[in-house]
Amino acid sequence: MPLNSKNIVNAYDREVKVGKFFADNMVHHHNKEQLPKVAYFCMEFGLNSELPIYAGGLGILAGDHLKSAKDIEVPLVGIGILWKNDYTTQLIGEDGRPYDIYPEHEFPTVKDTGKSVQVRVRGMDVTCKIMMVDAYGNVPLYLLNTNFERSEHGWMTSKLYGGVDQDRIAQEIILGVGGVRALRTLGIDIDVYHFNEGHAVFAGLELIREKMNAGLGFHDAWQKTRREIVFTTHTPVEAGNEVHGHELLQHMEAYNGLTYEQMYEIGGDPFNMTVAALRISRIANGVSKLHGRTARKMWKHVDNSAEIISITNGVHPPTWQSSEIRSAWEKGEDLWKPHIDLKKKLLDYVKDKTGVNMDLERLTISFARRAAPYKRSELIFRDTNALDGLLKEGKIQLIFSGKAHPNDTLGKDIIQLLVKMDKKYEDMIVFLENYNMEIAKLMVQGSDVWLNNPVRPLEASGTSGMKAAMNGVLNISVIDGWVAEGPHHGIDGWLLDEVFHNEVDYNAQDEHDLKALYKVIYDETVPVYFDNKNRWIKMMKASIDMSHHNFSSDRMVKQYYDLLYTEH
Ligand SMILES: *Cc1c(COP(=O)(O)O)cnc(C)c1O
């Protein structure tokens, strides 16, 4: 059967229906005590803008996972790190180039449990205080912290994804080994340890060590540990997966009591965190149907790997969907009025932050992502004159936002280019600095169109388009990640592909996508917006119909319980 968006969607619908039925039954008909108790490990958590301990999609996903686990009342705790300096506060300089500052954040909503654990890092005993966010009731989040008075190890939990390999390994020892020890110290029983990305792999080494201390041999301890771990992989390119040399691991004491031979058996040489996670877990998943496929192909050569299934990401509706839009949609009322209110709120924010006067009447196209080259934030400007007419006639306006990794020169070049366009087209184009959850929320609720044009197949899922779709903000997108299961061309968005392209010929993709993008904007989006408002509003409704259940993190967490956490 040819792989195109239509038959992926059909296959997906069947699985969702079966999965949902089972999950609903499971969650409602069993005692809560019978559900596996889960510890969810992640380097970053995006819960709200006031708790800046996230960099991007991975953290927002983790935050939404916790929130839905709370809402559907399942037993889950989060394990993470309290990052004193966050990822980066990224501002735009006079020269239009982004620069990074690292304020010392205070965390008024985070409590000290009064308990702590110790881990070994590079010859040192490192004390980590166990902090806690208890705003989510049955789903507490525990955060390890080495930044306190008289601590000599504050650097270990200062910058998320900052520093060099040594810093990263220290952070991963704290998350993994420290995380398991925190659960023991707090007296929390856990059935399933969920590693969201490979950063938490050292937790597996700690679980093995515990069993070896109790008298088991290495292989028995490994096999037994394996039944307790599940793993979610996110990176669709091999080079993006983290590897470490054994000498460095040994030097940092990441072996946690194991030998070279044992570590080699788990993660190879050099030690690959994803391969290790696949060998240390019972089952693994990719984060969309397509990504599951890509991941299975990519890791086919790994012997002794867990099976990789697909569970598509979702987003937390109460966080991302406007309650006014939700309510109008539920009651079958006019969606346009609440939409215009949200659009006005976004444009007021733009005016307030930048002084730029945007116009409520113009079609507003937004793009907000991490400024990684594969996301191609600046694709729309590759042909510099193509949009000139529409911009000068006052038909469209563009809003951009996004951070680059502090060391990513190419990412910063992209932002600089966007800022240049912002200057060139005064009131028609704007770039909002220091992208965060607050800006994301305003943009996914208040834009007319959400643009998504990554290089295929590099977007494992993508979630901002789901947030937009739930607000009736129409996606213009290539087919990759979640989009293969989501928007339908001309019904609830516009697709730039007819079929999924997975050949990685970057130049061909650039050329194809650019042509398709201008064609869709000129021939479809602009005419519908200005000449057929009724159809536009119908498309908004169809977009919410398509997304409100399938791309909700409630559906996602149920599937994690059904397909990953519960052993079949
Ligand atoms: C949703 C979100 C992301 C992830 O968006 P993608 O489309 O997956 O790239 C990143 N950062 C913030 C602040 C978000 O809200």
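One-based numbering, in listed order, for ligands and for the atoms of each.
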Any heavy atom of A440 under 4.0 Å from ligand 1? The part involved is side chain
Short version for I60: what comes under 4.0 Å of ligand 1, heavy atoms counted, is side chain
for atom 11 (N) of ligand 1, nearest protein heavy atom and its distance come out as Y435 CE2, 3.5 Å
**Study point:** Ring center gap for Y560 and H194 short of 6.0 angstrom
**Key:** yes
Honestly, for W320 the part within reach of ligand 1 (heavy atoms, under 4.0 Å) is side chain
Per-atom filter on ligand 1: closer than 4.0 angstrom to a heavy atom of G462 are 8 (O)
Q. Just checking, any donor-acceptor pair under 3.5 angstrom between side chains of H339 and E324?
A. no
Please check whether T463 reaches ligand 1 - meaning an N/O of the residue sits under 3.5 Å from an N/O of the ligand, judged on distance alone. yes
Logged contact type for K467 with ligand 1, heavy-atom cut-off 4.0 Å, is side chain
- prompt: Any idea how H405 and Y87 line up, ring-wise: parallel (<30°), tilted (30 to 60°), or perpendicular (>60°)?
  reply: perpendicular
### Task
Just say parallel, tilted or perpendicular for the rings of H548 and W329, cut-offs at 30° and 60°.
tilted
Of all protein heavy atoms, the one nearest atom 10 (C) of ligand 1 is G57 N, 3.5 Å
Quiz prompt | F41-H199 aromatic ring centre distance below 6.0 Å | solution = no
Are H291 and S288 linked by a side-chain donor-acceptor pair shorter than 3.5 Å?
no
Inset, instruction - Output yes when the distance from some N or O of ligand 1 to some N or O of S464 is under 3.5 Å, and no in every other case. - result: yes
The side chain to side chain contact (heavy atoms under 4.5 Å, CB included) partner of L514 among K519, Q509, R382 is R382
Between D497 and R456 (salt bridge meaning N to carboxylate O under 4.0 Å), is one present in this structure? yes
So for N436 against ligand 1, with non-hydrogen atoms under 4.0 Å, the contacting part is backbone
Counting from 1 in the order shown, the ligand 1 atoms closer than 4.0 Å to a non-hydrogen atom of G56 are 10 (C), 11 (N)
Honestly, for K375 the part within reach of ligand 1 (heavy atoms, under 4.0 Å) is side chain
If we ignore hydrogens and angles and just use 3.5 Å, is the side chain of D408 paired with the main-chain N or O of L410 as donor and acceptor?
yes
ask   = Can you tell me if R370 has a non-hydrogen atom under 4.0 Å from ligand 1?
value = no
